[in-house]
Amino acid sequence: MADYKKVIEEIEDSLRDRESLKKNIWEWHKKHVLGVGLPELEIAFESGEGVRVRDFEGKEYLDFMGQTLNVFVGHHHKKVIEAAIQQMEKLSFCTMLAANEPKSKLAKLINGITAEPLKMLYTVSGGSEANESAMKLARRARYKVGAYKFISRLGAYHGATFGACAATGLVMSKPAWIEPLPTGFVHVPLPYCYRCSFGKKYPDCEIECAKIIEQYIIQEGPEVYAGVIMEPILSAKGVVVPPEEYVKMVRDICTRYGIILIFDEIVSGFGRTGKMFAYEHFDVVPDIMTLGKGMSSGYAAIAGMMVTEELGKLGYAPNYHGFTMSGYPLANAIAYANIKAIIEENLVENCAEAGEYFMGQLKELEKDFEVIGDVRGKGLLVSIEIVRDKKSKIPDFEVAQKITDFCKEKGFLFHFNARGDTVNLLFTPPLCVSKEDIDQGVTVLKQALSRFS
Ligand code: PMP
């Protein structure tokens, strides 16, 4: 039998001095950590404060990634940390079959900040699970008519588990070896005006990209479709902000045919777009809204969904759909403290203001640099599409990579989103970012653009 205590002793011994700590982080990471498949940053983070993170070499970075688009209140938020400690002192965990104070408080709080029909909260540990739960509930609700299919969009990301992956329309997340995925998913073109799939121009297009959803439903019969799943503002392929009518049209189509409308607000929920939820930009409310990232700013693994009373009462019983970590007190207390901080520190308002300022700066750069094909965004969900030149719109992966690498070297981090047919730089800083932080980032970006464009 292995000497388990010796394993621990050896680990702790080899981390005692700073040099071996740094060396072993990399060595163990390379040998024993299975990555997600994307190229890694080649940074080992040690600490963070607000919009800045620091690596083990002491180098500081301006975090316009918000890590995985999820650090909303900023790093090292004292009140969120304090709430976590307080809850751990009382009760870290209890079964999903019991009520607990943080779970009830969080449900009441989210109910208080969402639109009227959304009443009941279901919590899980990640966004993919949230979307699985939403689609299972939509199938449950539409089972009586025999409906099982979903419509989602090409280029959208909804998660890495099998069902969420089937809903995903982003081809790079669906390699051939993953098949067979669950069947019954139809993918329609995005409201992506910069590269319209129908070759049309807004507003003369009559929002063809929304109409096609109805065409599918009519052609196959509404009794075939359980739901439509979409982000009101898409984040995975550069930010895609649809024309206002689009979201309303999709809502109307779903209502007309009794189909469940699921908004994936895992990225956009809790203020990222300058409103508490992205649906507010369009004055449209879904039947189910999935939530994640900004729900805890990464202080706990928690995601969830808000559903209408009708769907909530229907629920999953007498069958079982639950997760060990559904509704456990620690994560719920952290989410509560995080959302409270978003509200008390006026981070949604700051996001709207800072986002507008940031977009303004990027629009200025767009005028000067040929490689910026398009600047799109809402609030602090902002992207720039990198092209060879404005006329050809040919994606320039190499230049986008060089800009990203240069900025990282200078301590400015953001997402490099190469998607096969397009490439975007995506910026999702914590919502507490200041104009000075934005100026600092834009200065570095401008240097990169001047060098590589
Ligand atoms: N939906 C969207 C829009 C996402 O961006 C993500 C994650 N990036 C997910 C779902 C899946 O969330 P998770 O990675 O927490 O499973």
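Atoms within each ligand, like the ligands themselves, are counted from 1 in listed order. The first residue of the sequence shown is numbered 1, and numbering continues consecutively from there. As a basis for the values below, the full set of heavy atoms in this structure was taken, side chains included, without hydrogen atoms, waters or symmetry mates.
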Counting each atom of ligand 1 from 1 as listed, which ones have a heavy atom of Gly126 under 4.0 Å away?
15 (O)
Report yes or no: is the cationic atom of Arg142 (NZ for Lys, CZ for Arg) closer than 6.0 Å to the six-membered ring centre of Tyr225, at no more than 45° off its axis?
no
Protein heavy atom at shortest distance from atom 9 (C) of ligand 1
Tyr157 CE2, 3.8 Å
Between ligand 1 and Ser235, is the shortest N or O to N or O distance under 3.5 Å?
no
Using a strict cut-off of 4.0 Å, indicate which atoms of ligand 1 neighbour a heavy atom of Gly127.
11 (C), 12 (O), 13 (P), 15 (O), 16 (O)
Would you find more than 12 non-hydrogen atoms of other residues, nucleotides or ligands less than 6.0 Å from Glu349 atom CD?
yes
For atom 1 (N) of ligand 1, the closest protein heavy atom turns out to be Asp264 OD2, 2.7 Å
Hey, is ligand 1 close enough to Glu231 that some N/O pair sits below 3.5 Å?
no
Aromatic rings Trp26 and His29: how do their planes relate, parallel, tilted or perpendicular, breaks at 30° and 60°?
perpendicular
Which residue from Asn70, Ile302, Val267 reaches closest to atom 5 (O) of ligand 1 through any of its heavy atoms?
Val267
Considering heavy atoms of the protein only, find what lies nearest to atom 7 (C) of ligand 1 and give residue, atom and distance to 0.1 Å.
Lys293 NZ, 3.2 Å
Ligand 1 versus Glu129: contacting region, heavy-atom distance under 4.0 Å
neither
Hey, is Asn131 touching ligand 1 through its side chain, its backbone, both or neither, going by heavy atoms under 4.0 Å?
side chain
Would you mind reporting whether Tyr122 and Tyr316 have side-chain heavy atoms less than 4.5 Å apart?
yes
Nearest-neighbour protein heavy atom for atom 14 (O) of ligand 1, which is reported as residue plus atom name and distance:
Ser128 OG, 4.4 Å
